[in-house]
Amino acid sequence: MTGFPPSGLECALLPQPSRLFVEVTSRCNLHCPMCVKHSGPEKSPEGDMAPEIFASLGRAFPSLDALILNGIGEPLLHPNLEDFIRAAKKSMPAASWVGFQTNGHLLDAARARSLVAAGLDRIFLSVDATSPELFRVVRSGGSIGRVERALQTLSMVRKEKKGRALEVGAEFVVMRENLPELPALVRWLASRGVTRLIVSHILPFGSAMADQPIFGINTASGELFYKNWFLRAQQRGIDLSQYFSALWKYNKTPDEKRLIELVQRISTQACQHDIPFHIGNLIAGEKLHQAEEVFREAEEVAAAVDLHLVLPSLRPLTAHACVGVKQGGMFIAWDGKVSPCHFLWRSFSCYLYGRRKQVAQRVFGDLSRKSIFDIWNNKEYKQFRADVLRGRYPHCPGCNVYPCEDIDSVDFENDCYGETVPCGDCLWSMGLLQCMGQDDAGGEFKKQGAMEMTNVREQLKHCG
């Protein structure tokens with residue numbers, strides 16, 4: 001069983017997890033400002049996963065599609081990492097894989113050979129810049145030279161083990177500061193043996209990084225809906241961009257009243273068809289041209305050097321079922337606590353669209369107390385996954401009353417749709433964040449985006 005659910009069956013609804021995200025350690029050897037460990041006021045206890053906790057996962061191994069061995073720590077710091085890989089590979093299906101992401105600074109030839117001998121299938125290095133100066137800024141305490149040595153070492157070991165396939169990939173966290181480096185980085189990585197690069201947007205955990213995201217707040221469907229109506233209104237002699245100047249006038253002219261009535265009618269139609277329509281943000285518009293151009297150039301370079309480039313969306317998607325949940329993922333912290341997804345794996349604060357947001361960890365069980373199958377199949381956890389799969393949660397940033405009290409994840413109960421999953425304010429559900437554990441997530445995001453645009457065009461045909 002590989003990739004997305006076979007025969008249309010959602011892995012999240014199976015009686016066992018299909019994919020485990022296991023945080024073998026929360027310790028790290030770097031102090032990256034983009035990481036939740038070092039950029040926010042919240043400090044969680046650090047530790048390594050006990051062998052007993054990892055052994056408790058064994059019952060799930062025969063049904064796994066993938067085992068991803070990292071969370072917020074550096075996996076190479078765990079002394080039993082190879083033992084964990086070896087134990088899992090003995091029981092996992094032949095077509096499944098084990099992998100992890102690393103900063104690569106602790107990887108030498110002996111360790112690389114040891115990992116390959118244990119059965120490691122995929123290793124992805126975090127590479128967020130090629131220039132030494134910028135790399136030191138985004139990966140505090142790190143060195144691009146050490147990453148290059150790690151890639152050279154992996155290339156050498158792969159040649160030594162010709163019968164043992166090891167995928168070497170990379171992950172790039174794109175932000176305003178390093179966006180221009182992406183095309184050159186694609187070429188740099190391909191020349192050093194990397195075959196796949198996954199790009200993800202930054203989620204700022206600290207105020208110092210709050211201005212770094214390059215993704216937009218308006219959905220592509222909302223933009224299309226607004227631009228179409230803008231042209232229609234223009235043909236009637238109405239300028240939608242003047243809506244707020246007319247709205248706050250005490251004595252309105254007949255033309256201003258027509259403008260306000262039209263915007264109210266457009267907003268109602270958007271709401272009826274679940275099209276995000278934040279009139280203020282849509283009027284203001286967004287400058288994503290530079291990012292779009294850099295992404296296009298990166299795709300051209302990737303095609304030329306035969307590297308598989310997985311890009312995130314530049315605009316948030318709506319009604320997108322979480323890839324981590326959809327693939328039957330279970331997220332396990334180093335201490336054995338089980339969470340349902342990346343977003344709710346731990347408590348943290350972040351800066352999202354100019355406001356500070358607090359997120360509370362969601363725990364469905366503890367492996368030191370209950371078995372993995374008992375936790376996976378408990379009523380509350382099963383219902384949570386089913387609710388997420390419906391994809392019936394609002395695109396909160398596209399709402400005219402955003403932010404509201406309903407989406408405060410600290411004491412979240414339900415959103416404005418009545419849903420009990422706090423997914424409307426989640427960057428993973430918007431298609432903006434992705435990682436090595438989400439096979440073909442980029443393809444899923446593109447399909448979802450195309451479906452949204454098709455839906456809007458259909459709705460516009462019937463709008464008077």
Side-chain angles (χ1 to χ4, degrees), residues 4-5 10-14 16-23 26 36 44 57 60 64-72 101 198 200-201 203 205 312-313 316-350 352 357-367 372 375-378 380-396 407-410 412-415 419-441 444-445 448:
F4 283 86
E10 298 290 4
C11 287
L13 303 181
L14 294 174
Q16 67 281 321
S18 300
R19 190 159 294 209
L20 296 183
F21 295 78
V22 181
E23 182 180 63
S26 60
V36 65
S44 56
L57 307 176
L64 288 189
D65 176 40
L67 175 64
I68 301 92
L69 297 173
N70 54 266
I72 62 171
Q101 177 189 356
I198 298 174
S200 181
H201 290 288
L203 174 57
F205 295 107
S313 174
L317 302 173
T318 61
H320 180 268
C322 171
V323 175
V325 172
K326 183 177 181 180
Q327 291 180 324
M330 174 184 270
F331 295 72
I332 304 157
W334 67 271
D335 57 3
K337 291 184 172 60
V338 173
S339 296
C341 58
H342 284 100
F343 186 52
L344 303 176
W345 204 350
R346 54 189 49 84
S347 296
F348 62 89
S349 64
C350 62
L352 183 57
K357 176 181 177 63
Q358 290 182 285
V359 178
Q361 180 185 25
R362 187 72 179 268
V363 175
F364 285 101
D366 187 335
L367 287 167
I372 188 168
I375 295 173
W376 176 259
N377 290 301
N378 78 52
E380 185 184 7
Y381 193 5
K382 287 174 66 176
Q383 186 61 54
F384 182 96
R385 298 195 302 273
D387 291 344
V388 170
L389 289 179
R390 285 206 302 268
R392 191 184 173 277
Y393 31 85
H395 173 61
C396 294
I407 58 173
D408 187 345
S409 293
V410 174
F412 179 88
E413 294 182 4
N414 57 265
D415 58 33
E419 294 298 312
T420 58
V421 292
C423 302
D425 215 18
C426 169
L427 295 188
W428 281 272
S429 73
M430 296 182 207
L432 300 173
L433 300 187
Q434 53 187 357
C435 69
M436 71 175 295
Q438 299 170 301
D439 288 347
D440 199 30
E444 283 285 299
F445 298 156
Q448 178 65 28

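The first residue in the sequence is number 1, and the count goes up from there. Just the heavy atoms: all of them, side chains too, but no hydrogens, waters or symmetry mates, feed the values below.
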Any side-chain heavy atom of [X] within less than 4.5 Å of one from [Y]?
X: Val323; Y: Trp428; value: no
X: Arg346; Y: Ile72; value: yes
X: Phe348; Y: Leu203; value: yes
X: His201; Y: Met430; value: no
X: Lys357; Y: Asp425; value: yes
X: Ile372; Y: Met330; value: yes
X: Phe412; Y: Arg362; value: no

Locate the shortest heavy-atom distance separating [X] from [Y]; write the atom from each residue and the value.
X: Tyr393; Y: Asp415; answer: CB-OD2, 3.9 Å
X: Cys322; Y: Cys341; answer: SG-CB, 4.4 Å
X: Gln434; Y: Ser200; answer: N-OG, 3.1 Å
X: Val325; Y: Ala12; answer: O-CB, 3.1 Å
X: Arg385; Y: Leu14; answer: NH2-O, 4.4 Å
X: Leu344; Y: Ala360; answer: CD2-O, 3.8 Å

Just how far is it from atom [atom1] of [X] to atom [atom2] of [Y], taken to the nearest 0.5 Å?
X: Trp376; Y: Ser18; atom1: CH2; atom2: OG; value: 6.5 Å
X: Leu352; Y: Cys426; atom1: CG; atom2: SG; value: 9.5 Å
X: Asp335; Y: Leu367; atom1: CG; atom2: CG; value: 9.5 Å
X: Leu433; Y: Ile198; atom1: CG; atom2: CD1; value: 12.5 Å
X: Leu427; Y: Ser313; atom1: CG; atom2: OG; value: 11.5 Å
X: Lys337; Y: Ile375; atom1: NZ; atom2: CD1; value: 10.5 Å

With a 3.5 Å distance limit and no angle check, can you tell me whether [X] reaches the backbone of [Y] through a side-chain donor-acceptor pair?
X: Gln361; Y: Trp345; value: yes
X: Glu23; Y: Trp334; value: yes
X: Asp387; Y: Glu419; value: no

Phe21 six-ring face occupied by Arg19 cation (under 6.0 Å, within 45°):
no
